[in-house]
Amino acid sequence: MNKIKIIVAGPRGKMGSEALRMISKEEGLELAACVDRKNGGKQVKDVEGLPQFDAYIYEDLEECFQSVEADVLVDLTTPEVGYKHTKLALEYGLRPVVGTTGFTEEQLAELTDLAERKELGVVIAPNFALGAVLMMQFSKWAAKYFPDVEIIERHHDNKLDAPSGTAVKTAQLIKEARESKKQGHPDEKETIEGARGADFDGMKIHSVRLPGLVAHQEVVFGGSGQNLTIKHDSFHRESFMSGVKLAVEHVIKLDMLVYGLENLLD
């Protein structure tokens, strides 16, 4: 079986370096190159803290695509950079697997159209942890019976977007399963603006940012005389790598954009 050749964007980041370690352990995967805003011209093994790969680092993504033969781009950067990288990868015939959140509806629509025209797979996942994906699916199911719900997501204090992509995706799935409703007392008033969190289709989303956290979410449902809490915790970024591997193996077979890892599960 031919190995899947991967370019990783963002190798020095916490997610990117973990992806490199995952690739080093998988016989079916091969690192073709990395893209980084520093260390251009070096080999990956020359950068402190990264695995012992001979693959080269490029500072310009287009130069990398022109110089290296690869199948998949794994992008673990930022929404702004990830969007540009995904477009460029499709133009060069690579299949992107994207782990950044915060894409706008317009950007997703544009990338969906481009993927279909190119007949190339794209996987964009708000969360690569399989437990988190199951949490979202369980929440959608529960919302049919418990329409009153709030989402509390907690992440490390270096996270740039709030609410998290996982929280937004969870809210979107819940919206599909229940009738829209305004929750709380009709005369409720915030004495400090923002105290009740963000509003999405009548449900509230609360974001916590603190040192020491990685990625955590609770979906709390309220009913008559009872509560149901569906919770997931990622204590280490290794928890995301099984999902990255799953996405890489599936994107090769796709000819369209898939948003959310749940769409790849049996």
Side-chain angles (χ1 to χ4, degrees), residues 1-47 49-100 103 107 110-112 114-125 128 237 240-259 261 264:
M1 183 180 72
N2 293 332
K3 291 188 177 184
I4 300 173
K5 297 180 179 180
I6 302 170
I7 295 171
V8 173
R12 288 181 299 110
K14 292 178 180 178
M15 281 285 286
S17 59
E18 199 64 46
L20 293 183
R21 284 186 279 274
M22 181 271 293
I23 293 169
S24 70
K25 299 173 185 176
E26 295 295 331
E27 291 185 1
L29 306 181
E30 177 182 332
L31 183 68
C34 286
V35 177
D36 188 15
R37 58 187 175 84
K38 295 182 179 179
N39 301 306
K42 291 184 179 180
Q43 291 178 294
V44 174
K45 65 184 181 183
D46 297 328
V47 179
L50 298 186
Q52 295 297 299
F53 285 111
D54 292 330
Y56 281 92
I57 299 171
Y58 294 81
E59 294 184 10
D60 182 79
L61 184 64
E62 191 162 12
E63 180 188 357
C64 180
F65 289 161
Q66 292 170 351
S67 305
V68 175
E69 181 182 343
D71 306 300
V72 174
L73 169 70
V74 172
D75 189 280
L76 302 166
T77 56
T78 65
E80 296 78 11
V81 175
Y83 166 67
K84 296 175 183 177
H85 285 184
T86 302
K87 279 187 67 176
L88 193 61
L90 287 170
E91 294 290 355
Y92 273 87
L94 276 77
R95 291 167 163 82
V97 169
V98 186
T100 56
F103 287 103
Q107 288 173 335
E110 182 182 359
L111 294 173
T112 297
L114 182 57
E116 289 178 356
R117 285 192 283 111
K118 294 287 187 177
E119 297 183 339
L120 291 170
V122 181
V123 176
I124 299 175
F128 279 115
R237 286 169 180 82
F240 304 118
M241 292 305 112
S242 58
V244 173
K245 178 176 178 287
L246 178 73
V248 167
E249 292 172 343
H250 276 71
V251 77
I252 292 293
K253 309 168 189 174
L254 297 173
D255 59 1
M256 62 181 182
L257 185 147
V258 170
Y259 183 70
L261 206 63
L264 304 181

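The shown structure was predicted, so the numbers you read here are calculated from the model rather than taken from an experiment.
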Residue pairs passing the side-chain hydrogen bond (donor to acceptor under 3.5 Å, both in side chains) test with at least one member in residues 9-20, sequence neighbours excluded, are R12-D36, S17-R21, E18-R21
Rounded to the nearest 0.5 angstrom, the CE-CE distance for M15 and M22 is 9.5 Å
Taken to the nearest 0.5 Å, the spacing of L264 CG from K253 NZ works out to 10.0 Å
Output for pair (I6 CD1, R95 CZ), nearest 0.5 Å, gives 13.5 Å
On a heavy-atom basis, the closest approach of L261 and G243 is CD2-CA, 3.7 Å
With sequence neighbours left out, the residues meeting side chain to side chain donor-acceptor pair (under 3.5 Å) with K245 are E249
Across all chains, not counting sequence neighbours, the side-chain contact (heavy atoms from CB on, under 4.5 Å) partners of T112 are E116, L257
Rounded to the nearest 0.5 Å, the CG atom of L114 sits from the OG1 atom of T86 at a distance of 10.0 Å
Minimal heavy-atom distance between V97 and A247, with the atoms involved, is CG1-CB, 3.7 Å
Residue set satisfying side chain to side chain donor-acceptor pair (under 3.5 Å) with K84, at least two apart, ordered chain then number -> none
TODO: For the residue pair L88 and E62, establish whether any side-chain heavy-atom pair is separated by less than 4.5 Å.
DONE: yes
Note: G99 and F128 closest approach over all heavy atoms is CA-CE1, 3.3 Å
* Asked: Are any of the side-chain heavy atoms of C34 and L20 separated by less than 4.5 Å?
  -> yes
Output for pair (I4 CD1, I252 CD1), nearest 0.5 Å, gives 5.0 Å
Sorted by chain and residue number, the side chain to side chain donor-acceptor pair (under 3.5 Å) partners of Y56 (sequence neighbours excluded) come out as none
Sorted by chain and residue number, the salt bridge (Lys or Arg N to Asp or Glu O under 4.0 Å) partners of E91 (sequence neighbours excluded) come out as K118
By side chain to side chain donor-acceptor pair (under 3.5 Å), Q52 pairs with (sequence neighbours left out) none
Taken to the nearest 0.5 Å, the spacing of K45 NZ from I57 CD1 works out to 12.0 Å
Correct closest heavy-atom pair for G121 and P96 would be O-CD, 3.4 Å
Correct closest heavy-atom pair for G16 and V8 would be O-CG1, 4.3 Å
With side-chain contact (heavy atoms from CB on, under 4.5 Å) as the criterion, how do V98 and F103 come out once you've worked through the C-alpha distance, each side chain's angles and the decisive distance to 0.1 Å?
CA-CA 11 Å; V98 186; F103 287 103; 3.8 Å; yes
Applying salt bridge (Lys or Arg N to Asp or Glu O under 4.0 Å) to K87 and not counting sequence neighbours gives E110
On a heavy-atom basis, the closest approach of F53 and Q43 is O-CB, 4.2 Å
Original post:
With a 4.5 Å heavy-atom cut-off, do V122 and L111 have their side chains touching?
Top reply: no
For residues 64-75, dump all side-chain donor-acceptor pairs below 3.5 Å to protein atoms at least two apart in sequence or in another chain.
unit_1	atom_1	unit_2	atom_2	d
Q66	NE2	Y92	OH	3.0
S67	OG	E63	O	2.8
D71	OD2	K5	N	2.8
D75	OD1	T77	N	3.3
D75	OD1	T77	OG1	2.6
D75	OD2	T77	OG1	3.4
D75	OD2	H85	ND1	2.5

